[in-house]
Amino acid sequence: MYVPSRFREDDRARQLEFMRQHSFALVVSAPPSGPVATHLPVTVDVVGDEVKVRGHFAKANPQWRAMGSGETLVVFSGPHAYVSPKHYDALESVPTWNYLAVHAFGTGRVIHDAEENLRLLHELIEAHEPAYWLQWQALSERYRQGMLGGIVGFEVDVVRIEGKAKLSQNKTEGEQRRIASSLAVAADPLARTVAEEMERRFAHPGEPSGRGEDADVRGGEDVH
């Protein structure tokens with residue numbers, strides 16, 4: 001992921017919380033035959049310094065065979081919004097897109113053990129609808145085994161995380177506030193969420209604002 005310094009999100013706690021909040025992820029494998037990707041719900045498990053991303057493929061999905069063949073990338077996508085150049089001070093400005101995303105890289109492995117796959121399923125249910133676990137247990141053994149037989153679990157041992165929060169930090173404070181105000185009243189709920197994140201950072205500044213090393217399109221930055 002292209003991450004200019006102004007947009008870099010290095011706070012580990014914030015990265016992990018983002019991953020958990022946006023856990024319908026894109027799992028990308030890169031076998032010799034070419035890259036493949038699947039959109040999947042995943043869980044994020046953190047024990048000390050270790051981060052593991054877990055989930056399962058449909059057994060009919062051939063991507064599970066590529067796990068362990070090269071590095072695995074898991075993409076967590078957050079809210080995003082179009083930004084009009086009308087909010088900028090300079091007439092010579094171009095449109096752009098504000099967004100938040102986290103990329104997690106690691107080594108993937110396939111899980112064939114039935115009990116471990118059942119634990120993976122339990123993790124997903126606990127994350128999204130804990131009450132369903134009682135219903136699952138009440139289903140017939142034949143049905144449950146049939147469902148479990150149709151999936152293949154996986155686990156990614158994360159070795160590197162890249163976070164990006166592109167929120168117009170390369171613009172003046174006045175420009176940023178005009179952008180946030182406009183997005184806050186947009187019809188698109190994702191745009192309003194971007195505005196909320198911009199406002200949160202106004203209230204708790206932790207990154208530089210204004211023009212600088214990643215200034216604008218003429219300086220090589222207002223691209224994505």
Side-chain angles (χ1 to χ4, degrees), residues 1-28 37-46 51-53 55 72-85 87-88 93-106 127-128 156 158-217 220-224:
M1 179 164 58
Y2 172 51
V3 190
S5 60
R6 287 184 181 271
F7 306 146
R8 187 175 298 123
E9 178 58 85
D10 288 329
D11 186 284
R12 177 181 170 85
R14 195 174 288 175
Q15 290 173 339
L16 295 173
E17 180 61 24
F18 184 92
M19 291 162 67
R20 290 190 175 107
Q21 289 179 349
H22 302 279
S23 59
F24 187 70
L26 180 66
V27 180
V28 184
T38 302
H39 298 266
L40 294 169
V42 297
T43 61
V44 179
D45 185 43
V46 182
V51 179
K52 297 181 184 294
V53 175
T72 298
L73 165 63
V74 186
V75 178
F76 299 84
S77 299
H80 55 87
Y82 171 80
V83 177
S84 169
H87 302 300
Y88 300 152
S93 299
V94 295
T96 189
W97 213 271
N98 279 1
Y99 63 94
L100 295 98
V102 167
H103 288 190
F105 302 82
H128 299 286
V156 179
V158 177
V159 297
R160 184 171 86 259
I161 300 176
E162 294 179 353
K164 184 172 183 178
K166 184 179 180 296
L167 299 170
S168 300
Q169 299 97 318
N170 57 324
K171 302 302 177 183
T172 66
E173 182 177 344
E175 290 170 319
Q176 291 180 56
R177 292 190 179 277
R178 288 196 296 272
I179 292 166
S181 295
S182 175
L183 297 179
V185 295
D188 183 359
L190 291 177
R192 297 198 297 271
T193 303
V194 171
E196 291 172 4
E197 180 62 20
M198 294 180 71
E199 293 289 350
R200 186 190 68 78
R201 289 172 186 248
F202 294 152
H204 302 91
E207 296 185 14
S209 60
R211 299 181 187 276
E213 63 178 288
D214 298 320
D216 56 20
V217 69
E221 178 50 43
D222 223 14
V223 293
H224 319 298

Distance in Å, F7 CZ paired with M1 CE, rounded so as to fall on 0.5 Å steps:
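These two atoms lie 12.0 Å from each other.
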What residue among I179, D188, L167 forms side chain to side chain contact (heavy atoms under 4.5 Å, CB included) with V194?
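Going through the options one by one, the only one that passes is L167.
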Test side chain to side chain donor-acceptor pair (under 3.5 Å) applied to E17 and R14, R20, Q21, the passing residue
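Result for side chain to side chain donor-acceptor pair (under 3.5 Å) with E17: Q21.
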Sort out for me which residue in K164, H80, E197 forms a side chain to side chain donor-acceptor pair (under 3.5 Å) with Y99.
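Exactly one option meets the side chain to side chain donor-acceptor pair (under 3.5 Å) with Y99, and it is K164.
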Please find the pair of heavy atoms, one from [X] and one from [Y], that lie closest to each other, and give the distance.
X: A191; Y: L183; answer: O-CB, 3.5 Å
X: P41; Y: H128; answer: CB-NE2, 4.5 Å
X: Q176; Y: M198; answer: O-CE, 3.5 Å
X: F202; Y: A180; answer: CE1-CB, 3.9 Å
X: V102; Y: G163; answer: CG2-CA, 4.1 Å
X: Y88; Y: S93; answer: CD1-CB, 3.2 Å

Are E196 and R200 ion-paired here, with the side-chain N under 4.0 Å from a carboxylate O?
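Answer for the salt bridge query: no.
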Counting N and O atoms only, with roles assigned by atom type, does the side chain of [X] sit under 3.5 Å from a partner on the main chain of [Y], one being a donor and the other an acceptor?
X: R192; Y: A187; value: yes
X: R178; Y: H87; value: yes
X: E9; Y: Q15; value: no

Less than 4.5 Å apart, side chain to side chain, heavy atoms only: is that true for P79 and L100?
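Contact flag for P79/L100 side chains = yes.
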What verdict does the side chain to side chain contact (heavy atoms under 4.5 Å, CB included) test give for I161 and M19, after you've listed the backbone C-alpha separation in whole Å, the side-chain angles of each residue and the deciding distance to 0.1 Å?
CA-CA 10 Å; I161 300 176; M19 291 162 67; 4.1 Å; yes
Where do N98 and S168 land on the side chain to side chain contact (heavy atoms under 4.5 Å, CB included) test, with the steps shown first?
CA-CA 7 Å; N98 279 1; S168 300; 2.9 Å; yes
Take V46 and R12 through the side chain to side chain contact (heavy atoms under 4.5 Å, CB included) test and state the conclusion after the steps.
CA-CA 11 Å; V46 182; R12 177 181 170 85; 4.1 Å; yes
Parallel, tilted or perpendicular for Y82 and W97, by the 30°/60° rule?
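Rings of Y82 and W97: perpendicular, as their planes differ by over 60°.
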